[in-house]
Amino acid sequence: MQNKRMAAATTRKDRLSIMNQEATAPKKRIFSGVQPTGNLTIGNYLGAIKNWTTLQDDYECLYCVVNQHAITVRQDPAALRRATYETLAVYLAAGLDPEKNTMFIQSHVSAHAELAWVLNCYTMFGELSRMTQFKDKSAKHADNVNAGLFTYPVLMAADILLYQADLVPVGIDQKQHIELTRDVAERFNAIYSNTFTVPEPYMPKTGTKIMSLQDPTKKMSKSDENENATVRILDDKDTIIRKFKRAVTDSDTVVRYSEDKPGVSNLMAIYSCFTGKDFDAIEKEFEGKGYGDFKLAVGEACADSLAPVRSRFTELMADKAYLETVAKEGAARASYLARKTLSKVYRKVGFVEFK
Ligand code: ATP
Ligand code: LTN
């Protein structure tokens, strides 16, 4: 934001005034995370990670690989370990600079679990029962409706509140969890005086909910068992094009954004995110052309945009030592910030100090 303001400043006086403000006003803080529960999809990319890369110059950003959230659903330990490093590698491959952003692994910073325990005592059973993600996931994993799945949003609130984050960039599916985080923060602040920054969700205009290619009424999700339903950030070009060719549309032939055309509208949103074109421009571009041409164009735009991410990812995965260094330095910085909040909370609730 401040850099854009600087570019727009026309006089020397304006520029000096912005520089003075930059010197005194701390940058706003951002926190977000992705679960290492599988290969990331273009939903995760367009709804979250791609936007993160646009924020790194103007905000102080922390991005976490939330492996503690991941075990609310049963995970194979080796697969979880692999996915944890892969998720961190995707953050870097997408363009997040470790010099500018703090990237770390949730289980490396014990304050997350510690604050979550405290916040559990300030979150109501009724509030958690209303969470739609809990309802969806407990229906999907009916044999394992564990307490962690139920209190998942409390750990998420702890993630965010530990860092006094102002903004949380996420897809729309996480909005309800951010609202709960705000309620818990406000409740705690009201009892103990100002302790937590009350965060706001930060969502992109388009791409906030990318739908499944096989059922456009359902969110695209990395744990979907139907491989044709999801496009993975790391899929190769042929696979991406094949998946878009098979995408469910409708019996019409017109490329038009409309609620009654969820399949085509979803493809238009994806195309818009990758090309920067708006819906009017897309409708004009494909006037008189069929779905075949359109699907191919979406596939190509997606594959071409992701190609550099994929090649950088392969390089990064071959350098485990580098990934470990990024995670270690990230955890050190995150722990320092997290401890400050946790000590304050412990003092306020009346825990005696460890001497
Ligand atoms: P899972 O299948 O394990 O539930 P997921 O694909 O839903 O995972 P998360 O790890 O829960 O992904 O989400 C990571 C981030 O990606 C969140 O900010 C979430 O809002 C965003 N996100 C996930 N799916 C989509 C989607 N289809 N469209 C837009 N954003 C999404
Ligand atoms: N619940 C989120 C992942 C997540 C998160 C967070 C996102 C865990 N902690 C803190 C933003 C901020 C999801 O995407 N399912």
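Both ligands and their constituent atoms are indexed starting at 1 by order of listing.
Between Tyr91 and Glu86, the side chains place no donor N or O within less than 3.5 Å of an acceptor N or O (distance only, hydrogens not considered). Between the side chains of Tyr202 and Tyr59, no donor N or O sits under 3.5 Å from an acceptor N or O. If you check the side chains of Lys348 and Thr195, you find a donor sitting under 3.5 Å from an acceptor.
Counting only heavy atoms from C-beta outward, the side chains of Leu337 and Leu162 never approach each other to under 4.5 Å. Thr41 places none of its side-chain heavy atoms less than 4.5 Å from the side chain of Ile210.
Distance from atom 9 (N) of ligand 2 to its nearest protein heavy atom, with residue and atom name: Asp159 OD2, 2.7 Å.
A cation-pi arrangement is absent between Lys289 and Phe294 under the rule of less than 6.0 angstrom and at most 45 degrees off the ring axis.
If you number the atoms of ligand 2 from 1 as listed, the ones under 4.0 Å from a heavy atom of Val168 come out as 11 (C), 12 (C). With ligand atoms numbered from 1 in the order given, ligand 2 contributes 7 (C), 11 (C) to contacts under 4.0 Å with heavy atoms of Val170. For ligand 2, the atoms sitting less than 4.0 Å from at least one non-hydrogen atom of His69 are 8 (C), 9 (N), numbered in the order shown with element in parentheses. Each of the atoms 15 (N) of ligand 2 lies under 4.0 Å from some heavy atom of Gln35.
Residues that satisfy the salt bridge (Lys or Arg N to Asp or Glu O under 4.0 Å) test with Arg29, not counting sequence neighbours, are Glu60.
Where the criterion is an N or O separation shorter than 3.5 Å, residue side chain and backbone included, Asp173 fails it with respect to ligand 2.
Ser272 and Lys277 make their closest contact through OG-O, 2.8 Å (heavy atoms, listed as atom of the first residue, atom of the second, distance).
Of the possible polar contacts, one joining the Gln56 side chain to the Asp97 backbone as a donor-acceptor pair under 3.5 Å is found.
Checked against Leu306 for a side-chain contact (heavy atoms from CB on, under 4.5 Å), the options Leu234, Ile240, Asp235 give a single hit: Ile240.
Ligand 1 lies under 4.0 Å from heavy atoms of Val34, Gln35, Thr37, Gly43, Asn44, Gly47, Ala48, Lys137, Val170, Gly171, Asp173, Gln174, Gly207, Thr208, Lys209, Ile210, Lys219, Met220, Ser221, Lys222, Ser223.
Across Phe31, Tyr163, Tyr152, heavy-atom proximity to atom 15 (N) of ligand 2 is greatest for Tyr152.
The proximity of Val34 to ligand 2, defined as any non-hydrogen pair under 4.0 Å, does not occur for either the backbone or the side chain.
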